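Note sheet for the following structure.
Quick caveat: nothing in here was measured; it's all calculated off a predicted structure.
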Amino acid sequence: MPHFTIEYSANLDARIDMAGIVEVVRKAAVETGIFPLGGIRVRAFKCEHYAIADGNPRHGFLAMVLRLGQGRDLAARKKAGEHIFRALSDHLDPVFAGSQFALSFDMQINDKATSWKRNNIHDALKVETTNG
């Protein structure tokens with residue numbers, strides 16, 4: 001882990017490049033230096049059906065949740081979260097300037113006792129690094 005999940009209002013498709021957003025988040029996560037490269041996942045889901053505030057169809061949102069494993073202290077998590085949020089927020093400045101928009105980011109820590117994983121990407125990255 002970390003796994004980022006982005007939900008966004010469908011009306012943003014005309015205003016943003018979601019592939020670009022996913023890459024901004026991935027790159028910012030790498031830059032923090034606290035996450036294993038092989039564990040980073042960023043995925044985005046468009047919400048076709050949504051209602052915001054007063055129901056104005058021009059309002060938009062992007063809500064991101066980061067699920068991560070235990071083991072990082074609060075200071076490290078806050079520093080990483082602030083870096084990632086700043087990168088995403090800066091990237092979305094044009095959306096804020098041109099429309100009514102809500103951006104949120106929450107971090108959740110998974111309980112190790114109830115979180116199962118299987119991943120061979122870490123090993124593949126080690127091989128690429130030693131052979132590369």
Side-chain angles (χ1 to χ4, degrees):
M1 291 197 111
H3 294 191
F4 295 85
T5 303
I6 298 170
E7 294 179 348
Y8 66 99
S9 55
N11 64 350
L12 292 180
D13 274 343
R15 294 182 248 173
I16 62 173
D17 168 22
M18 191 47 65
I21 297 289
V22 167
E23 181 57 19
V24 164
V25 172
R26 187 204 63 80
K27 183 176 180 239
V30 171
E31 290 169 350
T32 68
I34 71 164
F35 302 123
L37 183 61
I40 296 172
R41 310 280 185 280
V42 185
R43 47 181 85 83
F45 300 95
K46 177 171 38 177
C47 297
E48 293 286 349
H49 306 284
Y50 58 91
I52 303 169
D54 61 357
N56 184 330
R58 294 181 41 108
H59 298 327
F61 76 89
L62 188 150
M64 184 168 70
V65 174
L66 166 58
R67 293 180 302 119
L68 72 157
Q70 298 171 325
R72 296 163 191 89
D73 65 33
L74 178 59
R77 292 191 318 264
K78 284 181 73 171
K79 184 177 178 184
E82 288 166 1
H83 177 75
I84 294 163
F85 186 76
R86 188 176 332 107
L88 179 58
S89 185
D90 289 352
H91 187 81
L92 291 168
D93 276 347
V95 179
F96 278 102
S99 62
Q100 298 81 43
F101 178 62
L103 174 63
S104 65
F105 173 37
D106 292 295
M107 213 180 268
Q108 300 172 350
I109 300 173
N110 282 6
D111 182 338
K112 192 179 258 186
T114 57
S115 181
W116 298 265
K117 294 166 203 62
R118 182 177 178 190
N119 179 347
N120 65 2
I121 296 173
H122 298 286
D123 294 336
L125 289 172
K126 288 177 190 171
V127 170
E128 289 176 14
T129 301
T130 57
N131 292 338

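The line from CZ of Phe85 to CG of Leu92 is 9.0 Å long, rounded to the nearest 0.5 Å. One distance of note links CE of Met18 with CD of Glu23; it measures 13.5 Å at 0.5 Å rounding. Distance CD/Gln100 to CD1/Ile52: 10.0 Å, rounded to 0.5 Å. Atom-to-atom distance recorded for Phe45:CZ and Ile6:CD1 is 10.0 Å, nearest 0.5 angstrom. Atom CE of residue Met107 and atom NZ of residue Lys78 lie 10.5 Å apart, to the nearest 0.5 angstrom. Here the CG atom belonging to Leu88 is positioned 5.0 Å from the CE atom belonging to Met64, to the nearest 0.5 angstrom.
There is a side-chain donor-acceptor pair under 3.5 Å between Ser99 and Arg15. Defined by atom type and a distance below 3.5 Å, a donor-acceptor pair is present between the side-chain atoms of His59 and Asp54.
The backbone N or O of Pro57 sits less than 3.5 Å from a side-chain atom of Asn11, completing a donor-acceptor pair. Looking only at distances, a side-chain donor or acceptor of Ser9 sits under 3.5 Å from a matching main-chain atom of Phe61. Within the 3.5 Å criterion, the main-chain N or O of Ile34 finds a donor-acceptor partner in the side chain of Arg72.
There is no path of hydrophobic side-chain contacts, each under 4.5 Å, that joins Tyr50 to Val95.
Remark: Lys79 does not engage Glu82 in a salt bridge, criterion side-chain N to carboxylate O under 4.0 Å.
Residues Gly39 and His3 approach most closely at O-CD2, 3.4 Å, considering heavy atoms.
At a threshold of 4.5 Å between non-hydrogen side-chain atoms, the residues Arg43 and Val22 do not count as touching. In this structure, Phe35 and Leu66 have side chains that are in contact, with non-hydrogen atoms separated by less than 4.5 Å. Looking only at side-chain heavy atoms (C-beta outward), Val65 and Phe4 stay at 4.5 Å or farther from each other.
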Inset, instruction - Tell me, with the steps shown, if Glu31 and Lys27 meet salt bridge (charged side-chain N to carboxylate O under 4.0 Å, His left out). - result: CA-CA 6 Å; Glu31 290 169 350; Lys27 183 176 180 239; 3.4 Å; yes

Margin query: Please determine whether side-chain contact (heavy atoms from CB on, under 4.5 Å) holds for the pair Asp13 and Lys46, giving the CA-CA distance in whole Å, both sets of side-chain angles, and the decisive distance to 0.1 Å.
Written below: CA-CA 9 Å; Asp13 274 343; Lys46 177 171 38 177; 2.7 Å; yes

Assess the residue pair Arg77 and Ile109 against the criterion (side-chain contact (heavy atoms from CB on, under 4.5 Å)); give the C-alpha distance rounded to whole Å, side-chain angles, the decisive distance to 0.1 Å, and a yes or no.
CA-CA 10 Å; Arg77 292 191 318 264; Ile109 300 173; 3.4 Å; yes

| task | With side-chain contact (heavy atoms from CB on, under 4.5 Å) as the test, would you mind laying out the steps for Val24 and Ile84 before giving the verdict? | result | CA-CA 8 Å; Val24 164; Ile84 294 163; over 6 Å; no

